[in-house]
Amino acid sequence: MEKTLLLKAEVREHTGSKAVRKVRRQGRIPAIVYGHKQEPVAISLDQHDFVEGLHHGHRLIDVQMGRKKEKMLVKEVQHDYLGRNIIHVDLIRVDMGETIKVTVPIELKGIAAGTHEGGIIEEHSNTLEIECKVTDIPETIVLLVKDVHVGDALHAGDIELPDGVKLVSSPETLLVTCRLVAAAKTAEEAEEEMPIAPEVIGEVKEPGEGETSQG
Amino acid sequence: MAMMPKRGKHRKSQRGKMRGNASRCNFVAFGEYGLQALETSWITGRNIEAGRVAATHFLHREGKVYIRIFPHKPVSSKPLETRMGKGKGETDFWVARVRPGQVCFEIGGVAEDVAKEALVRVAHKMPIKCRFVKRRHSL
């Protein structure tokens with residue numbers, strides 16, 4: 001991940017939901033900068049430029065705040081309730097030679113052998129925590145599922161990581177499994193399993209009565 | 001058969017209100033593609049079951065369908081031709097409370113076009129407007 005992007009930021013003097021809403025109306029995204037044992041600074045970024053950069057895979061950005069230029073890593077992005085717009089961004093200060101812990105998405109590649117045997121691939125976790133230099137952060141970690149048969153499982157420890165990248169997540173973290181699709185239940189079977197009426201906790205059944213009363 | 005809880009604390013519940021948007025369960029978490037609610041509504045166990053049947057029937061046992069909502073809330077009604085009064089009616093059906101943003105169904109293990117077609121069929125069974133969403137892999 002050597003791509004960097006230069007964004008101009010404005011320091012936000014007013015914080016809180018009302019001020020932030022005003023910032024968003026102006027086509028900007030509220031953000032916070034922290035790290036390196038310095039005071040956190042509330043800033044705002046141009047929405048269009050930031051979103052464009054993110055879509056092009058930029059995670060490392062140069063932020064110009066007045067005359068000061070700092071290198072930052074996008075730590076977290078918050079979306080609105082529909083997941084359409086970005087509402088807030090967390091940025092962390094980094095140095096080029098620094099080693100950091102980051103969460104990277106996993107990309108599955110290939111068609112699993114198990115899918116030809118009637119199985120399906122289930123993705124249990126789609127991110128992995130790694131430790132590496134800021135300049136070596138991979139965009140995604142590729143996981144080859146070509147040789148996964150029915151009943152097989154791939155764990156975090158099975159992944160071949162690029163040079164200079166160390167695994168932080170537990171090696172036993174389950175990533176992918178391949179299992180047979182369970183036979184669908186017939187309507188009669190499903191009906192037999194379903195209760196006629198739910199059992200009420202704490203209700204006492206009166207002896208000799210078919211009906212139940214609230215206890 | 002419509003979904004309902006196995007056990008509960010109370011037999012009947014008040015109607016309640018559903019204000020605001022979904023602040024959780026609003027992104028695809030289990031499968032690859034999902035169906036997101038765009039309106040506030042009660043979704044009955046029967047609606048959910050109809051959606052599940054529509055998806056599984058279309059997918060021909062391929063892939064996996066995840067149901068992210070469950071009808072926890074009992075809705076009571078009075079029998080026909082009954083005079084008013086004499087207490088609250090008996091539980092008639094069960095509903096899930098859904099707010100805008102809630103991901104109701106998810107599908108994994110199939111191609112995007114197949115999942116989209118399946119979720120369109122599910123959306124037709126829902127009493128609200130829905131939209132097709134994909135899993136957000138990166139930030």
Side-chain angles (χ1 to χ4, degrees), chain A residues 54-55 57-59 73-84 86 89-90 102-108 112 114-115 118-124 126-127 139-140 178-185 187-203 212-215, chain B residues 1-12 20-32 34 36-38 45 49 52-53 55-57 59-66 71-72 74 90-92 94 99-103 107-111 130-131 133-139:
Chain A
L54 212 60
H55 283 171
H58 292 281
R59 295 291 175 273
L73 187 78
V74 181
K75 178 94 173 159
E76 199 187 324
V77 175
Q78 287 174 29
H79 293 82
D80 65 357
Y81 70 99
L82 289 175
R84 278 176 173 158
I86 292 172
V89 179
D90 276 25
V102 281
T103 307
V104 180
I106 297 167
E107 191 188 338
L108 302 186
T115 53
I120 58 158
I121 283 283
E122 269 193 279
E123 206 179 344
H124 294 268
N126 65 343
T127 55
E139 251 178 67
T140 55
C178 186
R179 61 165 193 84
L180 279 175
V181 184
K185 283 175 192 163
E188 289 95 49
E189 278 173 352
E191 210 155 301
E192 274 173 26
E193 278 181 21
M194 276 287 173
I196 300 155
E199 173 198 344
V200 178
I201 300 164
E203 196 180 55
T212 53
S213 65
Q214 198 96 20
Chain B
M1 181 89 179
M3 295 158 87
M4 71 168 80
K6 281 197 180 117
R7 44 201 315 247
K9 202 165 179 183
H10 304 289
R11 193 174 284 279
K12 295 165 190 175
N21 304 312
S23 56
R24 52 183 172 182
C25 298
N26 57 7
F27 57 89
V28 179
F30 297 98
E32 279 294 305
Q36 191 178 42
L38 296 175
E49 179 61 14
R52 186 194 67 78
V53 169
T56 48
H57 181 77
L59 292 173
H60 298 293
R61 290 183 58 200
E62 271 181 27
K64 184 163 169 61
V65 179
Y66 300 87
H72 288 284
E90 287 307 310
T91 300
D92 192 10
W94 295 78
R99 294 191 290 175
Q102 166 91 44
V103 173
I107 288 178
V110 290
C130 298
R131 76 177 187 126
V133 282
K134 286 188 218 171
R135 191 176 190 144
R136 211 169 30 231
H137 279 280
S138 54
L139 286 166

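To find a chain, count down the sequence lines: A is the first, B the second, and so on, and within it residues start at 1.
In this structure, chain B has a heavy atom under 4.5 Å from the backbone of A/Ile106, while its side chain stays farther away. Both the backbone and the side chain of A/Ile201 have a heavy atom closer than 4.5 Å to some heavy atom of chain B. Only the backbone of B/Ala37 comes within contact range of chain A, with at least one heavy atom under 4.5 Å from a heavy atom of that chain. Only the side chain of A/Glu122 comes within contact range of chain B, with at least one heavy atom under 4.5 Å from a heavy atom of that chain. Neither the backbone nor the side chain of B/Arg24 comes within less than 4.5 Å of any heavy atom in chain A. If you measure heavy-atom distances from B/Glu32 to chain A, the contacts under 4.5 Å come from the side chain alone.
Atom CZ of B/Phe27 is surrounded by 12 or fewer heavy atoms from other residues, nucleotides or ligands within 6.0 Å. With a 6.0 Å radius and a threshold of 12 heavy atoms from other residues, nucleotides or ligands, B/His57 has its NE2 atom at or below the threshold.
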Take B/His10 and A/Val200 through the test side-chain contact (heavy atoms from CB on, under 4.5 Å) and record every step on the way to the result. CA-CA 6 Å; B/His10 304 289; A/Val200 178; 5.9 Å; no
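A heavy-atom distance below 4.5 Å is not found between the side chains of B/Lys6 and A/Glu199. Taking 4.5 Å as the limit, some side-chain heavy atom of A/Pro198 sits within range of a side-chain heavy atom of B/Met4.
Atom NE2 of A/His79 is separated from atom CZ of B/Arg136 by 4.0 Å, given to the nearest 0.5 angstrom. In this structure, CG on B/Asn21 lies 8.5 Å from CG on A/Asp80, to the nearest 0.5 angstrom.
The most heavy-atom pairs under 4.5 Å with chain A, out of B/Gly63, B/Gly109, B/Gly20, B/Ser23, come from B/Gly63.
Smallest separation of non-hydrogen atoms from A/Leu82 and B/Arg131: O-NH2, 2.5 Å. Between A/Ile120 and B/Lys64, the closest heavy-atom pair is CD1-CB, 3.7 Å.
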